[in-house]
Amino acid sequence: MPILTMLESIRPGWVARVSQRVARGAGVRESFLEQINLLYGALTQSVETGDPAWIEHVLDNWTQSQTETDLLGDDASQTRILSEILLETQLYVSETLSQVEALELLGALLPLFAYAYEYATRRDINLRVEHVQRELETAQRQLEQLDRSKSDFISVAAHELKTPLTLIEGYTDMIREIFRGESDPTTYQATLLKGIDNGTLRLREIIDDMIDVSLLDNDLLSLNFQPVWIDRIVRNVGEELAGSIADRRQTLAIEPFPGFEEMTFGDPERLFQAFKNLVVNAVKYTPDGGVIEIGGRKLPGFLEITVSDNGIGIDPANHTLIFEKFEQLGNVSLHSSGKTKFKGGGPGLGLPITKGLIEAHGGTIWVESEGQDEETCPGSVFHVMVPLRKDPPDARSARLFQSLVDGIQSP
Ligand code: ADP
């Protein structure tokens, strides 16, 4: 019997058996007899024309009408349904046709099932990839939203905190005036005032950090480029922190290198702030008596400055994370109000700001450390690349620089 005739003869029985196997529940089976019928029609047309693409149309239809889940339940996929149909076909054909006819028919159908299987697999994978992509995009949007809310909160909180702080500073000044006669710094009042001063100073530093973070987050930081000398900036940092370094019985060694004293263009206050953050951290995360070294080298177009310490070090898993804002918040037990106390974690804004400032200068920053170990103290090395510029980098800075030069030259 020719194959098409065979196909025609087994059609009603095949449709009934296959829908019995794959369609769940009698109600569903009823409505999907038509779908199974369509598949059979597509198989027949493919045999007739030698083109298996007829099947694609039916499978596409299943996807759109969500036939799959209705057919085999929640874990259904087209590939699974096709396997079930193929198994049932083999059984049914061997029961109803002679062995030779069954073999002949299966020989014609198997390549079509293989084609359908491959098509469905490809589609399954594509659908899954699309699904994961959509999920990722949603998660990404939520993260961005969260980050924006965080950044907005920082900005609002910083400005809200500034007003009462200014009030406290004002009243402290008034109290100071009242006790002006008693200038002896050992008096009780002077000690109390010093305590308030320390507290308000630290609070102002934190608020300033919060404002800097929101400026950097919103691309609003503008640098005041002028001639700077990195060696002078680094030495100023050393002088400013000399007291804390002495308190911790540490040593700061500045090792000059070729190019260290070269002039470049940068924002001196912001570069000072960036290097100060690094040295403050080196002091904080190095035990008493430790050594902090600042050195570097000149590279084509850049100065690479290194700030090294022999402190507790940083786990390589955190080498990128520490430059993310609020990273330190994870370890609240380390929080301390003392700025240079050993391991006295702050709000975790120092390094993100430092990174933002260095990048705003066109530079980069990264850290090297074998790992964190408070016993062996492997230390950390922060590398900072600062571009060497012979001219201000933009028109605004050039104008500012020119007005500065004109001011100096005019009598
Ligand atoms: P924090 O205010 O906590 O010091 P930073 O942004 O300055 O925040 O630093 C982030 C984290 O990076 C710190 O909490 C600390 O865990 C780690 N870190 C920074 N500098 C060093 C260093 N020199 N040695 C060891 N750990 C460091």
Side-chain angles (χ1 to χ4, degrees), residues 147 150-151 154 157-158 201-217 234 237-238 240-241 244-245 248 250-254 270-296 305-360 364-384:
D147 205 50
K150 214 156 90 178
S151 168
I154 299 170
L201 183 71
R202 183 75 191 106
L203 199 53
R204 192 159 279 285
E205 282 172 351
I206 293 172
I207 294 173
D208 286 345
D209 277 359
M210 288 164 78
I211 292 173
D212 282 347
V213 160
S214 66
L215 286 178
L216 286 163
D217 265 1
V234 165
V237 169
E240 169 135 338
L241 294 175
S244 310
I245 293 171
R248 301 282 319 281
Q250 293 170 335
T251 314
L252 173 67
I254 298 178
R270 294 305 196 169
L271 286 173
F272 178 85
Q273 182 183 358
F275 284 106
K276 184 177 161 192
N277 281 346
L278 293 181
V279 180
V280 164
N281 276 349
V283 173
K284 262 198 311 199
Y285 298 103
T286 302
D288 288 359
V291 178
I292 299 152
E293 271 178 17
I294 301 181
I305 302 107
T306 50
V307 179
S308 332
D309 61 56
N310 57 355
I312 60 173
I314 303 167
D315 192 322
N318 294 332
H319 285 186
T320 317
L321 274 183
I322 54 170
F323 293 101
E324 305 278 329
K325 58 182 179 290
F326 293 125
E327 172 44 26
Q328 171 57 46
L329 279 187
N331 196 348
V332 184
S333 64
L334 292 182
H335 274 237
S336 153
S337 49
K339 179 128 175 131
T340 48
K341 193 176 158 247
F342 182 41
K343 294 190 292 175
L349 296 177
L351 285 182
I353 293 174
T354 304
K355 179 171 186 267
L357 295 177
I358 297 298
E359 286 178 355
T364 48
I365 178 169
W366 71 98
V367 67
E368 276 176 359
S369 174
E370 279 170 27
Q372 189 181 351
D373 191 327
E374 291 178 28
E375 298 297 316
T376 58
C377 282
S380 313
V381 184
F382 282 83
H383 296 253
V384 180

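For ligands, and for the atoms within them, numbers begin at 1 and follow the listed sequence. Throughout, residue positions are numbered sequentially from 1 according to the sequence presented. These values consider heavy atoms only, across backbone and side chains, with no hydrogens, waters or symmetry-generated copies.
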Task: With sequence neighbours excluded, residues passing side-chain contact (heavy atoms from CB on, under 4.5 Å) with Thr364 - done: Trp366, Met385
Open item on the list: As an exercise, identify every atom of ligand 1 less than 4.0 angstrom from a heavy atom of Lys284.
Closed with: 1 (P), 2 (O), 4 (O)
Open item on the list: Only heavy atoms of Pro352, strictly under 4.0 Å: list the atoms of ligand 1 that pass.
Closed with: 6 (O)
Open item on the list: Tell me whether Asp309 reaches ligand 1 (any heavy atom closer than 4.0 angstrom to a ligand atom).
Closed with: yes
Task: Which residues share a salt bridge (charged side-chain N to carboxylate O under 4.0 Å, His left out) with Asp147, sequence neighbours left out - done: Lys325
Open item on the list: With nothing but distance in play, are any N or O atoms of Gly348 less than 3.5 Å from an N or O of ligand 1?
Closed with: yes
- [ ] Any chance you could measure Thr286, atom OG1, to Arg248, atom CZ, to the nearest 0.5 Å?
- [x] 7.5 Å
- [ ] Looking only at distances, please establish whether an N/O atom of ligand 1 is found under 3.5 Å from an N/O atom of Leu351.
- [x] yes
Open item on the list: I'd like to know whether CD of Glu359 has more than 12 heavy-atom contacts from other residues, nucleotides or ligands below 6.0 angstrom.
Closed with: yes
- [ ] Locate the shortest heavy-atom distance separating Asp309 from Ile292; write the atom from each residue and the value.
- [x] CB-CG1, 4.3 Å
- [ ] Starting from the C-alpha separation in whole Å, work towards a yes-or-no answer on side-chain contact (heavy atoms from CB on, under 4.5 Å) for Arg270 and Gln273.
- [x] CA-CA 5 Å; Arg270 294 305 196 169; Gln273 182 183 358; 2.7 Å; yes
- [ ] Consider ligand 1: state whether an atom of it lies below 4.0 angstrom from any non-hydrogen atom of Gly311.
- [x] no
TODO: Determine whether any heavy atom of Phe382 lies closer than 4.0 Å to an atom of ligand 1.
DONE: yes
